Amino acid sequence: MLRNSLLAAGLMICAAGAAQKPIRLQPKPALVRLIDGNLRQAANQYKVLMGKIPANRMPKTYYAMQDRLETSDSKWWTSGFYPGTLFYLYEFSHDTSLLHEATKRLRLLENEQFDKGTHDLGFMMYCSFGNARRALNTKDYDDILLNSARSLSTRFNPKVGCIKSWDNNKWQYPVIIDNMMNLELLLFATHITGDSAFYRVAVSHANTTMKNHFRPDYSSFHVVNYDTATGAVLARVTAQGFADSSAWARGQAWGLYGYTMMYRGTHDPRYLMQAENIAHFILGNPNLPADKVPVWDYNAPEGQRALRDASAGAVMASALIELSRYVGPEKGKEYLDAAEQIIVTLSSSNYHAIVGSNGGFILKHSVGHLPGRSEVDVPLTYADYYFVEAMLRYKQLGEKDGSAHHVEGFQ
Ligand code: GLY
């Protein structure tokens, strides 16, 4: 019933908003060949990584100078990416050693379904258990996913209209642009239960973020701090960007991906328009390098322009491939061209590690938290995840069944 009315509303909005009919763009055979080679290497590289990670830990990054692998426990926001990437690589390769490792690592994450102290449960649980659900075509993880959505929803304050990001003394009610990524778990929870409460939280969060996080040029602030009691905006600042007024590259990529995904899940054309406006900001930015992998912040000072963020590039590529499917042929081609260019750049030896090197990670040259002097110019587990996702999405452009790899989402 709910699903039908949501769908009917979506179709109405779609009919009203449709300008040009989307067409299915085809992948380029030469790039598919490159991607197939990359994915074969990635599967081998993750077997190298697999051999290095202690049984109760998840990989984070690798510091080449000290030959030091950094890992995390399951509570860290990136804990779902390693199993998630393994499931993607298993879907590509059907290599059961990857599957075995992925399912083993899921067990470490199970407890997090009840964690109400983080807004990152979407990253942690949907990228892992959500991928497992699709890759194994099983409903075995649905309780875990649902409990995770329930835990995430407890962080929603209707007065503010958003899910709270961090619990700290610095800000009263901080909401970061990254949090758009966690909404997919909520849409999924409504999809499998028919309970619209999750959907309403996701839509409220996306609408409030659309209102308060963006500048007139559709770049976004990293953090918006709200008054818990009144919902008023108290401050717009940064935590991981160069300056409060700057455009932190990964933040722009999270926004692009987040609104594209919200359009997929709701068919609300305002989300499509938002995603397109963000894409316009990114792709038209004079500081975006010609190879389309961004510097860690679009407003980084001269001395930091060599610091690229491959993770932002990977998230952008994956989002742009999806976005290209929802728009007319002209815009679709523009987005797909950019995504192709990012994939080609990230496939070059500058970014793409030789199997056995780079601590077992696929990509080099990401920036985690430069102002915190942490994870600067290193591999990152989520750069690998979104790179693999982007490559699978690209290959899938030519396939009839679009439901895999999260492209169609909640089918
Ligand atoms: N969600 C944290 C980050 O993008 O670094």
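Please read all numbers here as calculations on a predicted model, not as lab measurements. For the numbers below, each heavy atom of this structure counts, side chains included, while hydrogens, waters and symmetry mates do not. Both ligands and their constituent atoms are indexed starting at 1 by order of listing.
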Checking side-chain contact (heavy atoms from CB on, under 4.5 Å) between Leu336 and each of Leu397, Leu323, Leu320, which is the one that passes? Leu397
When you check the side-chain N and O atoms of His369 and Ser374, is any donor under 3.5 Å from an acceptor? no
Can you confirm whether the side chains of Ser148 and Gln113 place a donor and an acceptor under 3.5 Å from each other? no
His222 and Trp166 aromatic ring geometry - parallel, tilted or perpendicular at 30°/60° bounds: perpendicular
Ordered by chain then number, the protein residues lying under 4.0 Å from ligand 1 by heavy atom are Trp77, Asp178, Gln240, Trp248, Arg250, Trp254, Tyr382
Name of the residue among Asp67, Thr381, Asn358, Thr71 meeting side chain to side chain donor-acceptor pair (under 3.5 Å) with Tyr62: Asp67
Evaluate side chain to side chain donor-acceptor pair (under 3.5 Å) for Tyr298 paired with Gln252, printing each intermediate quantity in order. CA-CA 9 Å; Tyr298 290 94; Gln252 313 315 304; over 6 Å; no
